[in-house]
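Shown next, in C-alpha cells, is the structure this report addresses.
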Amino acid sequence: MEIKLEEVKADKKEVLFRLLQYSLYEESLGDQSDLNEDALFDYPWFERYFTEEEREAYFIRECGTDRLLGFVMINTYVQRCSYGHSIAEFMILPKFRRNHIGKKAAFQCFGKHEGNWEVSPAYGSEQAYLFWKNVINGYTDGNHQYGNGIFGFSTVAAHKTFPRA
C-alpha cells in the first residue's frame with residue numbers, strides 16, 4: 001500500500017483532535033494520564049500546531065483512495081541536541097498496523113527535514129519502543145543513539161552521527 005502525508009489544515013483540525021484523543025487514550029495505559037472534566041485528555045500544545053511554524057501535523061492517507069490511516073505531529077522541541085526535529089505524536093489506526101504503513105510514514109517524516117531527529121516512544125509501551133527501534137534501525141542502518149527513553153539520529157548522509165547524551 002502506498003501512502004502519503006497530507007498537511008492538516010485548520011479546517012480539519014477537529015478530525016486531528018479526535019484522532020489525537022484516541023492516541024492519548026492508548027498511551028494512557030502506560031503513562032497513567034487521566035481524563036479532564038469533559039472526558040478528554042488534555043493536550044495544551046494542540047492549537048499551536050496551527051499557529052507556530054516549528055510545528056507540523058499530517059494525516060497519513062492511502063494514495064489513490066485518500067483513506068485515513070493515521071496521523072503524525074512533528075515539532076522542533078528536542079532534548080539531547082541544540083536543534084532538530086522530533087516526532088511529538090504518531091499513530092496508525094489499529095486495523096492498518098503491521099503492514100509497514102508506520103515505517104513508510106516515519107521515513108517520509110524523516111525525509112521532510114534534514115538534520116537531527118529525536119523520537120520518544122510512548123512511555124511504558126514495549127510495542128512502541130520496538131516499533132521505533134526497528135524503524136530507526138532501518139532508516140539509519142543502526143547508526144543512532146538511545147538513552148533516557150529517546151532515540152536520536154541524524155539524516156545527514158555525510159555524517160550520520162548524533163550528539164551523545
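Worth saying up front: this structure is predicted, and the values here are computed from it rather than measured.
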Flag yes if [X] and [Y] sit in one hydrophobic cluster, no otherwise; membership is Ile, Leu, Val, Met, Phe, Trp, Tyr, and two members link when side-chain heavy atoms are under 4.5 Å apart.
| X | Y | result |
| --- | --- | --- |
| Phe50 | Trp45 | yes |
| Tyr25 | Phe96 | yes |
| Val78 | Trp117 | no |

Under 4.0 Å between a Lys/Arg side-chain N and an Asp/Glu carboxylate O for Glu7 and Lys9?
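A salt bridge links Glu7 with Lys9.
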
Salt-bridge contact Lys13-Glu47 (side-chain N to carboxylate O under 4.0 Å):
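The answer is yes: the pair qualifies as a salt bridge.
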
Flag the pair His144 / Asn137 as yes when at least one side-chain heavy-atom distance between them is below 4.5 Å, and no otherwise.
yes

Between Glu89 and Val72, is there a side-chain heavy-atom distance shorter than 4.5 Å?
no

Tyr49-Phe17 aromatic ring centre distance below 6.0 Å:
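Aromatic pair excluded; centres sit 6.0 Å or further apart.
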
What about Tyr146 and Phe153, are their ring centers closer than 6.0 Å?
no

Go through the steps for Ile101 and Ile3 under the test side chain to side chain contact (heavy atoms under 4.5 Å, CB included), then give the verdict.
CA-CA 7 Å; Ile101 292 167; Ile3 62 121; 4.0 Å; yes

Counting neighbours of NZ on Lys103 that are heavy atoms of other residues, nucleotides or ligands and sit closer than 6.0 Å, is the number greater than 12?
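Incorrect, the count does not exceed 12.
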
For Gln127, is the CD atom crowded, meaning more than 12 foreign heavy atoms sit under 6.0 Å from it?
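Open.
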
Mind running side chain to side chain contact (heavy atoms under 4.5 Å, CB included) on Cys109 and Glu56 for me, showing each step along the way?
CA-CA 10 Å; Cys109 288; Glu56 306 165 25; over 6 Å; no

Look at the aromatic rings of Tyr139 and Phe107 and report parallel, tilted or perpendicular, splitting at 30° and 60°.
perpendicular

Over all heavy atoms of both residues, which pair between Gln79 and Ser120 is shortest? Give the atoms and the distance, please.
NE2-OG, 4.4 Å

